[in-house]
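Convention: sequence-line order gives letters A, B, ...; per-chain numbering from 1.
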Number of protein chains: 4
Amino acid sequence: MNAGIARTTKDTPRAEAQRERILCAAQRCFIEYGFHAASMASIAETAQMSAGLMYRYFENKSAIVLAIIERQLQEGRTQIAQLHSSSELAAALYDVFTRWQARDPSVMNAALFLEMSAEATRDPQIAAALRGSDALILSDLAGWMNRAREDGGLGLPAESVATRAFLLECFIRGLALTAVRQPDLPPGTIKDAIDSVVSRLLSP
Amino acid sequence: MNAGIARTTKDTPRAEAQRERILCAAQRCFIEYGFHAASMASIAETAQMSAGLMYRYFENKSAIVLAIIERQLQEGRTQIAQLHSSSELAAALYDVFTRWQARDPSVMNAALFLEMSAEATRDPQIAAALRGSDALILSDLAGWMNRAREDGGLGLPAESVATRAFLLECFIRGLALTAVRQPDLPPGTIKDAIDSVVSRLLSP
Amino acid sequence: MNAGIARTTKDTPRAEAQRERILCAAQRCFIEYGFHAASMASIAETAQMSAGLMYRYFENKSAIVLAIIERQLQEGRTQIAQLHSSSELAAALYDVFTRWQARDPSVMNAALFLEMSAEATRDPQIAAALRGSDALILSDLAGWMNRAREDGGLGLPAESVATRAFLLECFIRGLALTAVRQPDLPPGTIKDAIDSVVSRLLSP
Amino acid sequence: MNAGIARTTKDTPRAEAQRERILCAAQRCFIEYGFHAASMASIAETAQMSAGLMYRYFENKSAIVLAIIERQLQEGRTQIAQLHSSSELAAALYDVFTRWQARDPSVMNAALFLEMSAEATRDPQIAAALRGSDALILSDLAGWMNRAREDGGLGLPAESVATRAFLLECFIRGLALTAVRQPDLPPGTIKDAIDSVVSRLLSP
DNA sequence: CATGAATGAGACTTCATTCAT
DNA sequence: CATGAATGAAGTCTCATTCAT
């Protein structure tokens with residue numbers, strides 16, 4: 001079987017576009033149905049191509065799941081990175097939170113984030129991807145906190161940075177879960193909460 | 001609570017025991033494989049009964065999933081309730097966190113918690129169950145914070161209690177997600193973080 | 001997936017009968033279409049059961065193929081064993097040959113024998129099964145040749161027995177291939193040929 | 001020979017070369033994977049051309065299979081013809097046998113020979129091709145046996161030639177099957193066996 | 001009450017073949 | 001002449017669910 005035929009190594013723009021189509025469709029399906037309940041057929045239909053064609057671009061469903069996960073992590077990291085590049089962390093968090101609540105497809109989907117976290121418990125590949133992503137986010141946050149104020153950082157003392165970054169990451173995770181579980185939470189509540197945390201957490 | 005769980009037979013003690021057997025088995029399977037990947041056959045085997053028999057006590061797999069979710073919520077609420085009944089919230093949080101990391105079956109499983117949260121996005125019944133549970137937990141926490149010190153509460157001012165309770169719930173959620181994503185996090189880090197949050201959050 | 005459920009270990013008479021049904025059906029299909037072209041669906045239809053049910057009795061198609069192969073080898077060995085128990089080896093060979101030509105289902109099918117030999121080139125499990133069977137047949141033949149005449153043997157000298165047995169096995173293989181390739185070969189030709197070989201090969 | 005092979009384009013030298021490329025590639029794939037398991041994609045890759053292009057030279061996969069079979073028969077006949085052109089039949093048989101064991105691609109592949117024989121059971125076109133080839137080989141052998149010694153033949157009496165030729169063909173078939181089933185058979189064993197058969201079979 | 005054999009739908013995946021470029 | 005993207009049918013296998021016993 002398979003007979004030694006490589007079917008996934010293509011670098012043409014066309015192939016890249018197809019992969020993109022598939023990943024977008026997969027993302028929509030995974031969000032709508034979940035990783036397991038989303039079938040290759042549903043993804044193919046969403047991507048408006050035959051199911052068989054997808055196998056020219058991804059070795060199997062697992063590869064698509066993994067690609068989506070890495071994509072989401074990238075997006076998440078980008079979001080987070082942009083967060084602290086602004087001095088307005090609180091505002092940015094609020095913005096992200098409301099997008100999570102609204103399931104705005106332009107940001108990493110929160111439910112998918114939860115599902116992939118749970119899946120990491122069982123799938124070593126996913127676990128590895130998550131670990132890598134988490135470490136990067138954490139060091140991004142810590143770096144920003146520690147950097148001098150004139151370089152766009154917060155100028156916080158190095159010894160307190162690790163705990164602060166960890167707490168911030170933890171809080172953001174809590175926000176993600178909250179956005180999923182309380183999609184109707186009034187904006188005021190969340191705004192106050194975020195302001196309160198950010199001011200306490202990032203004050204010298 | 002208990003909304004819409006279809007039961008096929010009546011409420012004899014025997015039937016109740018059977019249901020319990022099934023739910024315990026299902027919980028173990030769901031934790032090990034996830035909601036979708038766990039098969040009715042695996043649950044039956046774990047429960048040491050035939051697959052067919054399970055249908056006398058639950059209408060279908062969905063009903064079992066829903067029952068498990070409600071069960072986990074009950075357990076979670078019990079855990080949380082016991083948390084604040086003690087004055088040692090920080091210690092209790094630390095204890096729960098390490099159990100989550102270790103996947104101790106005696107506390108609500110964190111990965112299952114995430115998975116059911118994600119599932120709530122797609123299933124209105126599950127969403128309703130979660131909403132109910134969350135509201136109860138929140139009011140438990142707020143009540144405890146507001147209650148007078150001589151009644152085992154914290155005696156915090158009523159106007160700050162809502163935000164504090166919300167933040168605490170959010171932090172706990174963050175801890176759950178963290179326990180799943182960083183099962184190897186050293187105890188020191190988490191202990192410091194919890195202490196720090198609790199002291200800042202619950203000080204007048 | 002699979003979730004640790006054993007699905008093939010049954011020893012009830014019922015299960016044994018089902019396995020038998022499946023193997024008979026599989027044998028017919030393999031003969032009619034070949035190992036690869038015979039689909040699980042065709043086997044299921046022939047066995048008059050659903051395709052899914054077969055997986056309760058055999059782990060996968062490979063297991064069925066292997067079981068058929070071992071079955072054919074058993075049958076072949078039985079045939080061979082009965083051959084030399086009689087002093088009429090030539091007659092027996094002639095009888096088998098004509099059955100091979102006629103594709104008499106009561107003896108090991110010759111085409112299947114060829115196909116499984118070719119398959120052994122690629123599948124180590126099949127190769128192992130064949131090796132074992134061949135060794136047994138060879139030792140059966142050698143033993144019979146060497147055994148004393150009063151014990152139903154040929155009383156041939158031990159030092160010539162290995163070559164004679166090997167040549168006989170080789171000739172029998174040639175007959176199998178010939179039966180497949182020349183199903184219309186007139187009986188006279190083959191009778192003369194067999195007589196000639198047997199007399200030359202087994203004379204002291 | 002060559003009966004019924006559909007060709008899509010005309011007989012330019014270029015086209016002939018392309019066909020040759022395809023057949024060489026197909027032969028390698030069929031040997032490695034078998035007729036059914038070898039995919040058109042694997043053949044195309046081996047032939048270093050696109051899958052689509054092959055359809056310019058062969059109507060479909062069946063046509064390639066048939067062409068390969070006819071090719072193998074040609075090669076086989078050539079091999080056999082060269083065998084008896086030498087006075088050293090035994091040496092030549094030994095040589096061929098070891099090549100079969102080693103799967104030397106320069107001689108007809110034995111496993112493929114078995115597979116196509118089995119396939120002849122199901123496909124009339126293949127059966128016809130085999131019948132033709134066998135008849136030719138047989139008459140070659142008989143002719144050589146009957147021809148006068150001064151003409152490079154064996155000068156055997158005409159009335160015994162048919163049986164002898166048939167037996168030789170049968171023995172060669174047995175050798176092919178043996179080479180496949182016992183690829184590790186020690187050279188000594190097979191050498192003795194061949195010498196023994198040849199001397200008995202070709203002595204006046 | 002209980003079993004587990006049986007089904008049928010549907011999942012993932014492969015592959016011969018076609019066709020626009 | 002040549003490509004390789006695309007399709008659709010078919011194949012293997014799983015599993016929730018039912019039902020005769």
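By the 30° and 60° cut-offs, the orientation of the rings of Phe30(B) relative to Phe35(B) is perpendicular.
As a whole-Å value, the separation of Tyr57(B) OH from dA16(F) P is 20 Å. At whole-Å resolution of the value, CD1 in Ile64(B) and P in dC15(F) are 15 Å apart. Atom NZ of Lys61(B) is separated from atom C1' of dA16(F) by 8 Å (rounded to the nearest Å). For Tyr33(D) and dT14(E), the OH to C1' distance is 15 Å, given to the nearest whole Å. Going from atom CZ of Phe58(B) over to atom P of dT17(F) covers 13 Å, rounded to whole Å. Spacing between atom CZ of Arg21(C) and atom P of dA5(E) amounts to 15 Å, rounded to whole angstrom units.
Minimum interatomic distance between Ala118(C) and Ala111(D) (heavy atoms only, all atoms of both residues): CB-O, 3.6 Å.
For Tyr55(A) and dT13(E), the shortest distance from a side-chain N or O to OP1 or OP2 is below 4.0 Å.
The list of salt bridge (Lys or Arg N to Asp or Glu O under 4.0 Å) pairs with a residue in residues 64-73 of chain A, not counting sequence neighbours, reads Glu20(A)-Arg71(A). Within the structure, the salt bridge (Lys or Arg N to Asp or Glu O under 4.0 Å) test picks out the following pairs touching residues 116-126 of chain C (sequence neighbours left out): Glu119(C)-Arg122(C), Arg122(C)-Glu115(D).
Both Gln18(D) and His36(B) lie near DNA chain F, and the one whose nearest nucleotide falls closer to the 5' end is Gln18(D). Between Phe35(A) and Thr12(C), the residue anchored nearer the 5' end of DNA chain E, judged by the nucleotide with its closest heavy atom, is Thr12(C). For Asn60(C) and Met40(B), each mapped to the nucleotide of DNA chain F holding its nearest heavy atom, the one lying further toward the 5' end belongs to Asn60(C).
A distance-only check finds no donor-acceptor pair linking the side chain of Gln72(D) to the backbone of Leu112(D) [under 3.5 Å]. Side chain of Arg103(C) to main chain of Thr121(D): a donor-acceptor pair is present (N/O by atom type, distance under 3.5 Å, no hydrogens or angles).
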With the criterion being N/O to N/O and under 3.5 Å, what pairs connect the protein with nucleotides 7-10 of chain E, and how long is each?
| from | atom 1 | to | atom 2 | distance (Å) |
| --- | --- | --- | --- | --- |
| dT7(E) | OP2 | Ser50(C) | N | 3.0 |
| dT7(E) | OP2 | Ser50(C) | OG | 3.3 |

Could you list the donor-acceptor pairs under 3.5 angstrom formed by side chains in residues 40-52 of chain C, with sequence neighbours left out?
| from | atom 1 | to | atom 2 | distance (Å) |
| --- | --- | --- | --- | --- |
| Ser42(C) | OG | Ser39(C) | N | 3.2 |
| Ser42(C) | OG | Ser39(C) | O | 2.7 |
| Thr46(C) | OG1 | Ser42(C) | O | 2.8 |
| Gln48(C) | OE1 | Arg21(C) | NH2 | 3.4 |
| Ser50(C) | OG | Leu53(C) | N | 3.3 |

Here DNA chain E, pairs taken as Watson-Crick or G-U under 3.5 Å and shown with ( ), [ ] when crossing and | when to another strand, reads .||||||||||||||||||||
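Every residue meeting the salt bridge (charged side-chain N to carboxylate O under 4.0 Å, His left out) condition with Glu16(A), not counting sequence neighbours, appears here in chain and number order: Arg19(A).
Residue-level contact check: Ala38(A) touches the backbone only, with heavy atoms under 4.0 Å from sugar-phosphate atoms and none from bases.
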